[in-house]
There are 2 protein chains.
Amino acid sequence: MHQKYEFKMIHSFKIHSLIHYKMHLSPTEENYLKAIFKLTEEAEKASATTNAIAAEMSIAAASVTDMLRRLSEKELIHYEKYKGVHLKASGRKIATALVRKHRLWEYFLVEKLKFGWDEVHDIAEELEHVRSDELVNRLDEYLGKPNFDPHGDPIPRADGTIPTRQLTPLSALKVGESGILTGLQNHPDSLMRYLRKINIGIGTKIQVLELHDFDESMSVKINDEKEMELSEKVSKSLLLKIT
Amino acid sequence: MHQKYEFKMIHSFKIHSLIHYKMHLSPTEENYLKAIFKLTEEAEKASATTNAIAAEMSIAAASVTDMLRRLSEKELIHYEKYKGVHLKASGRKIATALVRKHRLWEYFLVEKLKFGWDEVHDIAEELEHVRSDELVNRLDEYLGKPNFDPHGDPIPRADGTIPTRQLTPLSALKVGESGILTGLQNHPDSLMRYLRKINIGIGTKIQVLELHDFDESMSVKINDEKEMELSEKVSKSLLLKIT
DNA sequence: AAATATTTTTAGATTAACCTAAAAATAATA
DNA sequence: TATTATTTTTAGGTTAATCTAAAAATATTT
């Protein structure tokens with residue numbers, strides 16, 4: 001009898017640290033990993049603060065602390081009290097897979113279902129939590145294994161690597177230079193609705209005609225046709241492939 | 001001051017009974033409505049019992065009672081203690097919309113992503129909870145507004161109506177008669193994997209060659225080519241359009 | 001109709017994910 | 001460096017959705 005209990009105790013270490021076929025995370029937990037990914041890897045910061053995560057997710061800081069403790073127990077993040085947080089390899093893997101799913105679904109929504117690029121974010125936010133590797137792979141195949149989503153953001157590949165390109169913000173161009181709009185620095189709804197309205201999108205050719213040093217705005221020519229003014233804020237948000 | 005409070009009290013009735021632009025339900029609540037729909041409308045029963053719902057959803061009966069109280073408060077179901085439950089119009093609307101979404105996604109998965117018909121149920125179960133009317137409508141359009149899903153089940157239309165057909169179970173056919181497999185009485189995974197294995201699917205022609213009254217099994221000819229034996233259980237599950 | 005069996009509900013707990021308010025730790029400033 | 005401000009954590013509470021065990025209601029059988 002005593003032997004039996006001892007046997008049991010010796011083997012009572014944490015199982016999930018050995019068997020990690022597939023950890024089951026709630027959509028909420030996945031969203032935390034995504035937020036941390038965005039604040040660290042994508043923004044190239046060493047670590048994310050509790051407050052930054054709270055702001056990113058629009059929840060109270062106390063809730064974040066709570067969840068960080070739990071994600072830390074699951075070995076998905078590296079977290080020390082008061083010291084900020086970053087992803088461990090296992091957490092990064094899950095986060096990139098989520099970004100991959102999100103951007104593939106956005107591609108599907110725009111290319112196949114003909115949604116506008118400013119309409120797809122919230123829907124993809126839900127679709128990305130559907131759990132099926134087979135689904136993602138077949139979707140990828142069906143869409144022709146795209147490398148960039150409708151906003152020009154890179155779509156992480158199945159192996160976790162992320163396609164890159166050399167892009168230049170429109171604001172860095174000199175008079176006479178031109179390029180093709182290929183990505184955005186960031187994409188708040190307001191910017192995307194604005195670009196849609198003035199008919200600028202991924203693939204649009206933009207040439208700098210004139211620079212106004214008073215407010216850093218510029219006059220540009222769109223697709224060799226229309227002329228227009230772009231503010232500093234907009235020109236800094238547009239990433240071009242130089243032609 | 002007193003007046004002000006009185007004014008407030010007079011207007012403090014339940015708001016959700018007036019403003020029902022779009023009630024926000026959790027996936028869990030949606031699943032209860034779907035289960036009740038399946039047990040009443042689809043099975044043509046007057047009402048569903050607590051135990052039946054619990055069995056359908058694989059949860060404890062006590063949990064069901066709890067939820068029935070809450071769905072009843074939201075005016076989605078008609079529920080009296082110990083008397084069983086059925087959907088109110090508002091609940092039925094939500095349930096049919098869910099079935100519509102589920103079956104459209106199944107159609108997408110099979111027709112576009114080339115999944116087998118026995119692989120799509122669980123994935124569609126998640127996809128059906130993605131909340132966007134625009135998405136469903138565009139998906140419907142993209143798929144060519146299909147009326148039946150890959151299992152032959154009717155896809156409810158946007159207006160809530162459900163396409164119908166006159167189908168006959170294979171078990172009711174006499175020797176010599178034949179038809180095209182057009183639907184299934186029910187579709188447990190086991191049946192679908194079996195049918196896949198023996199190469200029978202929607203559209204397959206089946207002709208009765210011989211009836212064996214010992215066990216109610218039958219010999220049939222498949223697509224005018226292959227002969228095989230089908231058990232009573234299988235022949236009762238296959239719904240044909242008589243040719 | 002009484003006894004027994006079954007179904008359903010109630011009571012009381014648990015867990016995840018949030019919250020607010022207060023306390024503690026860290027960072028910034030005088 | 002002492003004080004003040006900010007950030008983060010802790011403490012304690014809430015709600016949704018589940019559970020088990022016990023009680024109550026309904027149904028079935030003798």
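Computed over heavy atoms, backbone and side chain alike; hydrogens, waters and symmetry mates excluded. Order of the sequence lines sets the chain letters (A, B, ...), proteins ahead of strands, with each chain counted from 1.
- A donor-acceptor pair under 3.5 Å is formed between the side chain of A/Arg100 and the backbone N or O of A/Pro156.
- Counting only distance, with no hydrogens or angles, the side chain of B/Arg138 and the backbone of A/Lys114 share a donor-acceptor pair below 3.5 Å.
- In terms of modelled atom types and a separation under 3.5 Å, the side chain of A/Ser63 and the main chain of A/Ile59 share no donor-acceptor contact.
- Qualifying ring pair (Phe, Tyr, Trp, His ring centres under 6.0 Å) partners for B/His187, counting only residues two or more places apart in sequence or in other chains: B/His151.
- For the segment residues 30-47 of chain B, no residue has any heavy atom less than 4.0 angstrom from an atom of DNA chain C.
- A/Glu232 is not listed as a side-chain neighbour of A/Ser217, based on a closest heavy-atom distance of 4.5 Å or more.
- With sequence neighbours excluded, the residues that form a ring pair (Phe, Tyr, Trp, His ring centres under 6.0 Å) with B/Phe108 are A/Phe108, B/Trp105.
- Side chains of A/Asn51 and A/Thr49: a donor-acceptor N/O pair is absent below 3.5 angstrom, by distance only.
- Chain B approaches DNA chain C over the interval C/dT7 to C/dT10, counting the first and last nucleotide 5' to 3' with an atom under 4.0 Å from its heavy atoms.
- In terms of modelled atom types and a separation under 3.5 Å, the side chain of B/Lys101 and the main chain of B/Glu128 share a donor-acceptor contact.
- Cation-pi check for A/Arg69 over A/Tyr79 is not met; the charged atom does not lie both under 6.0 angstrom from the ring centroid and within 45 degrees of its normal.
- Contacts of A/His78 classified as side-chain hydrogen bond (donor to acceptor under 3.5 Å, both in side chains), with partners at least two apart in sequence or in another chain: none.
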Measure all distances between protein nitrogen or oxygen atoms and nitrogen or oxygen atoms of nucleotides 10-16 of chain D, and list the pairs falling under 3.5 Å.
unit_1	atom_1	unit_2	atom_2	d
D/dT10	OP1	A/Lys81	NZ	2.4

